[in-house]
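What follows is a short report on a single structure.
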Amino acid sequence: MSSRYTAEEMREMATEAEVIEVYDQFDGHNMYTIAAMLRQAAEILDGVLNEITVIEKMPTANLDGAFENQNVNVARLLAKIAFYDKVKKIVGEVSNE
């Protein structure tokens with residue numbers, strides 16, 4: 001894949017695909033199905049990006065062993081683990097395996 005598309009570009013192409021009513025060109029999928037696929041991918045990408053933004057904005061603290069700092073760092077670590085689990089589930093649902 002030489003080009004990566006943004007979620008917004010996927011939505012724009014989905015809108016354009018709905019205007020074109022072509023059947024049997026893509027293994028029997030009509031353009032409405034293809035548009036829905038693009039929108040689904042765009043929503044997943046937006047969701048992942050939003051969660052990354054939330055995690056990146058979480059506070060960090062020194063690793064000095066202070067109880068308060070441990071709470072702050074553990075909260076961020078737990079958010080990252082939950083994010084990993086969520087992305088793993090998404091990838092499993094959309095995987096070809």
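- The side-chain hydrogen bond (donor to acceptor under 3.5 Å, both in side chains) contacts involving residues 53-64 comprise D64-N69, where partners must be two or more places apart or lie in separate chains.
- What you find for A35 and A14 is that their closest heavy atoms are CB-O, 3.3 Å.
- Atoms CD1 and CG, on I55 and N50 in that order, are 11.0 Å from each other to the nearest 0.5 Å.
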In residues 78-93, what donor-acceptor pairs under 3.5 Å come from side-chain atoms, sequence neighbours left out?
residue : atom : partner : partner atom : Å
K86     : NZ   : E51     : OE2          : 2.5

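- In terms of heavy-atom proximity, R4 sits nearest to E9 at O-OE1, 4.1 Å.
- Residues satisfying the side chain to side chain donor-acceptor pair (under 3.5 Å) criterion with N73, sequence neighbours excluded, are absent altogether.
- For the atom pair CE (M58) and CG (L77), the distance works out to 9.5 Å, reported to the nearest 0.5 Å.
- Here the closest non-hydrogen pair linking V72 and P59 is CG1-O, 3.4 Å.
- M10 and A41 make their closest contact through SD-CB, 3.8 Å (heavy atoms, listed as atom of the first residue, atom of the second, distance).
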